[in-house]
Amino acid sequence: MQKPKLLVISSVWVEPKSSAAGSRMLQLIVFFQSIGYEVIYSSTALDSEYALDLKMFEIQTHAVQLNDSSFDVFVSELQPDVVLFDRFMVEEQFGWRMDINCPQALKILDTEDLHCLRHARREAYKKNICFSEELLFSEIAKREIASIFRCDLALIISEYELELLKDFFKVNEELLFYLPLLVDDSLMNNSAELSFEEKKDFVFIGNFLHEPNWNCVQVLKNEIWPELSKKIPDAVMLIYGAYPSQKVFQLNNPKERFLIKGRAENSQKVIEQARVLLAPIRFGAGIKGKLLEAMIYGTPSITTTIGAEAMAGKLTWSGIIADDNNKFIDAALELYTNKTAWTATQENGFKIICERFSSSDFLNDLKLKIDFLLNNLNKHRFQNFIGAMLQHHTMQSTRYMSKWIEEKNKK
């Protein structure tokens with residue numbers, strides 16, 4: 001019996017060691033394989049030296065081009081049962097082509113996080129104004145929400161974003177599925193390899209291509225560390241992250257004990273060895289992979305309300321949440337020097353992981369949802385008139401714009 005086929009379309013290759021987004025994509029691929037799917041991964045990106053060798057996972061790969069009818073030939077021959085768009089921009093480029101060539105393929109959008117929310121918070125931060133819902137009425141929001149409506153199912157990484165989509169943007173919950181970053185049950189041992197005394201220094205880790213991470217490093221360098229370093233003169237601030245540019249390395253200052261280390265070959269090791277993780281996140285969205293990893297590896301964290309958003313639920317945070325710089329510095333000092341407080345917050349992290357991020361709590365429900373949609377696809381789409389309407393207009397606009405670009409590129 002032939003296996004059902006999943007086609008992943010992305011603008012990047014899978015880099016689980018570079019970002020939480022890369023780890024999430026690998027989780028989704030492994031999930032589909034576990035339920036019997038043949039996985040084909042396609043990308044518009046150039047080869048990357050940090051990309052995972054997908055052939056090791058028996059995954060076919062295929063390079064695709066933007067605004068090129070060669071994609072039509074590719075998918076027409078492939079005829080996938082399910083297509084997974086990696087972020088809404090990819091759906092904009094290839095969704096209409098899938099509708100023409102594979103109209104019965106189940107369309108799933110992995111939002112990663114809500115870009116329109118991150119954009120709105122960034123605007124508020126840059127303009128030094130309070131965040132308001134009016135900021136969500138942006139060009140990005142119109143594009144992103146339209147993409148969600150055009151798909152049969154959108155994977156939402158944060159409960160906060162799930163409620164925002166349902167209550168503010170009025171998206172039918174039948175189009176949405178809450179799927180956070182997941183932790184394999186084998187990692188839930190409620191214990192840490194290193195003790196309080198064996199851990200030392202502060203750490204931050206995050207992909208530098210992601211603007212909120214770069215902003216975090218600037219805040220640490222200019223606002224947090226100058227005062228915190230005076231209070232703990234034997235501690236070092238270690239900064240790790242993929243794709244650091246020259247402007248990042250220019251912040252390296254051994255005399256100030258502020259060290260830019262660049263890409264971490266083993267994120268577990270660098271997080272596990274640190275006593276406290278600092279993440280003064282000023283804007284962003286979704287679930288923060290660095291904070292989730294800190295819980296797994298027994299390293300309490302100091303972060304902001306936005307940083308901790310939707311992660312702990314009603315449970316107590318694995319560290320301290322502080323939005324004010326002075327409170328942030330005091331919290332970092334407290335956790336770094338107080339073993340009792342540190343141990344209690346570490347235990348909080350283990351509890352959050354077990355109760356809110358266990359893969360076994362979500363993946364069976366996701367399988368059931370996908371099976372249901374595949375068996376009831378026409379009825380499901382009939383109940384989504386807004387999606388059909390947006391699909392119609394996309395076919396009339398994006399389609400012909402893409403064809404115009406393709407013809408122009410031939411000249």
Side-chain angles (χ1 to χ4, degrees), residues 10-26 43-52 86-87 89 112-115 117-119 121-123 125-126 140 157 181 201-226 228 236-254 256-274 276-294 297 299 301-304 306-309 328:
S10 178
S11 61
V12 296
W13 295 105
V14 184
E15 294 188 26
K17 291 186 177 181
S18 297
S19 67
S23 297
R24 177 175 176 81
M25 179 52 70
L26 182 57
S43 177
T44 59
L46 299 174
D47 291 339
S48 167
E49 62 177 302
Y50 302 109
L52 188 69
D86 183 15
R87 301 178 177 88
M89 299 82 76
E112 295 290 352
D113 59 33
L114 283 186
H115 293 62
L117 177 60
R118 175 155 37 91
H119 173 77
R121 285 173 169 167
R122 177 185 177 276
E123 286 298 296
Y125 175 76
K126 297 290 185 181
I140 290 178
I157 206 168
L181 290 173
D201 299 328
F202 295 95
V203 70
F204 170 83
I205 186 168
N207 189 318
F208 289 109
L209 296 179
H210 192 51
E211 188 179 3
N213 288 333
W214 165 233
N215 179 258
C216 259
V217 175
Q218 292 175 296
V219 170
L220 284 168
K221 171 69 174 180
N222 300 320
E223 301 176 29
I224 303 296
W225 189 245
L228 182 56
V236 175
M237 183 71 240
L238 302 168
I239 307 293
Y240 287 89
Y243 298 105
S245 62
Q246 187 57 39
K247 68 179 181 181
V248 177
F249 280 114
Q250 286 178 348
L251 299 183
N252 184 66
N253 193 321
E256 295 177 357
R257 291 171 282 118
F258 192 92
L259 304 182
I260 305 296
K261 307 295 286 186
R263 179 181 290 270
E265 292 302 319
N266 187 329
S267 62
Q268 175 178 349
K269 185 176 180 179
V270 302
I271 293 174
E272 194 171 46
Q273 290 180 342
V276 178
L277 183 143
L278 301 181
I281 298 170
R282 297 296 193 255
F283 56 91
I287 295 296
K288 313 306 181 293
K290 61 183 73 64
L291 298 176
L292 196 63
E293 283 192 281
Y297 305 134
T299 300
S301 60
I302 315 295
T303 191
T304 61
I306 289 177
E309 182 177 84
F328 193 100

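From a predicted model like this one, the values you see are computed outputs, not experimental measurements.
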Next item on the list: Identify which one of Leu238, Asn213, Ile224, Ile271 satisfies the side-chain contact (heavy atoms from CB on, under 4.5 Å) criterion when paired with Phe204.
Entry: Asn213

Next item on the list: Give me the ring orientation class for Phe258 and Trp225: parallel if the planes are under 30° apart, tilted from 30 to 60°, perpendicular past 60°.
Entry: tilted

Check: Just wondering, do Glu293 and Thr299 contact through their side chains at under 4.5 Å, heavy atoms?
Finding: no

Check: Which atom pair, heavy atoms only, marks the closest approach of Met237 to Leu220?
Finding: CE-CD1, 4.2 Å

Next item on the list: Quick one: closest heavy-atom pair of Arg87 and Ala21, and the distance?
Entry: NH2-CB, 3.2 Å

Margin query: Val270: which residues meet the side-chain contact (heavy atoms from CB on, under 4.5 Å) condition with it, sequence neighbours left out?
Written below: Ile205, Tyr240, Ala264

Item checked: Residue pair Tyr125 / Asn215, side-chain heavy-atom distance below 4.5 Å -> yes

Item checked: Shortest non-hydrogen contact from Lys247 toward Ser245 -> CG-OG, 3.0 Å

Next item on the list: Enter the distance from Ile281:CD1 to Ile306:CD1 here, rounded to the nearest 0.5 Å.
Entry: 8.5 Å

Next item on the list: Could you tell me whether the side chain of Lys288 reaches within less than 4.5 Å of the side chain of Thr303, counting heavy atoms only?
Entry: no

Item checked: For Leu26, all residues meeting side-chain contact (heavy atoms from CB on, under 4.5 Å), sequence neighbours excluded -> Val14, Pro16, Val30, Leu52, Phe57

Note to self: The criterion is ring pair (Phe, Tyr, Trp, His ring centres under 6.0 Å); which residues satisfy it with Trp13, sequence neighbours excluded?
What the structure shows: Tyr41

Next item on the list: Please round to the nearest 0.5 Å and tell me the distance separating atom CZ of Phe283 and atom CD of Glu123.
Entry: 10.0 Å

Next item on the list: Evaluate the ring planes of Tyr50 and Tyr243, with Trp represented by its six-membered ring, and classify them as parallel (under 30°), tilted (30 to 60°) or perpendicular (over 60°).
Entry: perpendicular

Item checked: Pro254 versus Leu259, closest heavy-atom pair with distance -> CA-CD2, 3.7 Å

Next item on the list: To the nearest 0.5 Å, tell me how far Glu112 CD sits from Asp86 CG.
Entry: 5.0 Å

Item checked: Exam field: side chain Arg121 to backbone Gly284, donor-acceptor pair closer than 3.5 Å -> yes

Notebook entry, point to check: Under 4.5 Å between any side-chain heavy atoms of Leu278 and Phe328, yes or no?
Noted result: yes

Notebook entry, point to check: Do the non-hydrogen side-chain atoms of Glu15 and Ser48 ever get within less than 4.5 Å of each other?
Noted result: yes

Notebook entry, point to check: How would you list all residue pairs meeting salt bridge (charged side-chain N to carboxylate O under 4.0 Å, His left out) that involve residues 208-219, not counting sequence neighbours?
Noted result: Arg122-Glu211, Lys126-Glu211

Next item on the list: Flag the pair Met89 / Ser11 as yes when at least one side-chain heavy-atom distance between them is below 4.5 Å, and no otherwise.
Entry: no

Margin query: Test: salt bridge (charged side-chain N to carboxylate O under 4.0 Å, His left out). Region: residues 258-271. Which pairs qualify, not counting sequence neighbours?
Written below: none

Checklist line | Over all atoms of both residues, closest heavy-atom pair of Leu181 and Gly289 | finding: CD1-CA, 3.8 Å

Checklist line | Closest approach of Cys216 to Ala279 (non-hydrogen atoms, all atoms of both residues) | finding: SG-C, 4.1 Å

Check: Can you tell me how far the CG atom of Asn207 sits from the CH2 atom of Trp214, to the nearest 0.5 Å?
Finding: 13.5 Å

Notebook entry, point to check: Tell me, which pairs form a salt bridge (charged side-chain N to carboxylate O under 4.0 Å, His left out) where one or both residues lie in residues 213-223, sequence neighbours left out?
Noted result: Lys221-Glu256, Glu223-Arg282

Notebook entry, point to check: Step by step, would you call Val217 with Phe208 a side-chain contact (heavy atoms from CB on, under 4.5 Å)?
Noted result: CA-CA 9 Å; Val217 175; Phe208 289 109; 3.6 Å; yes

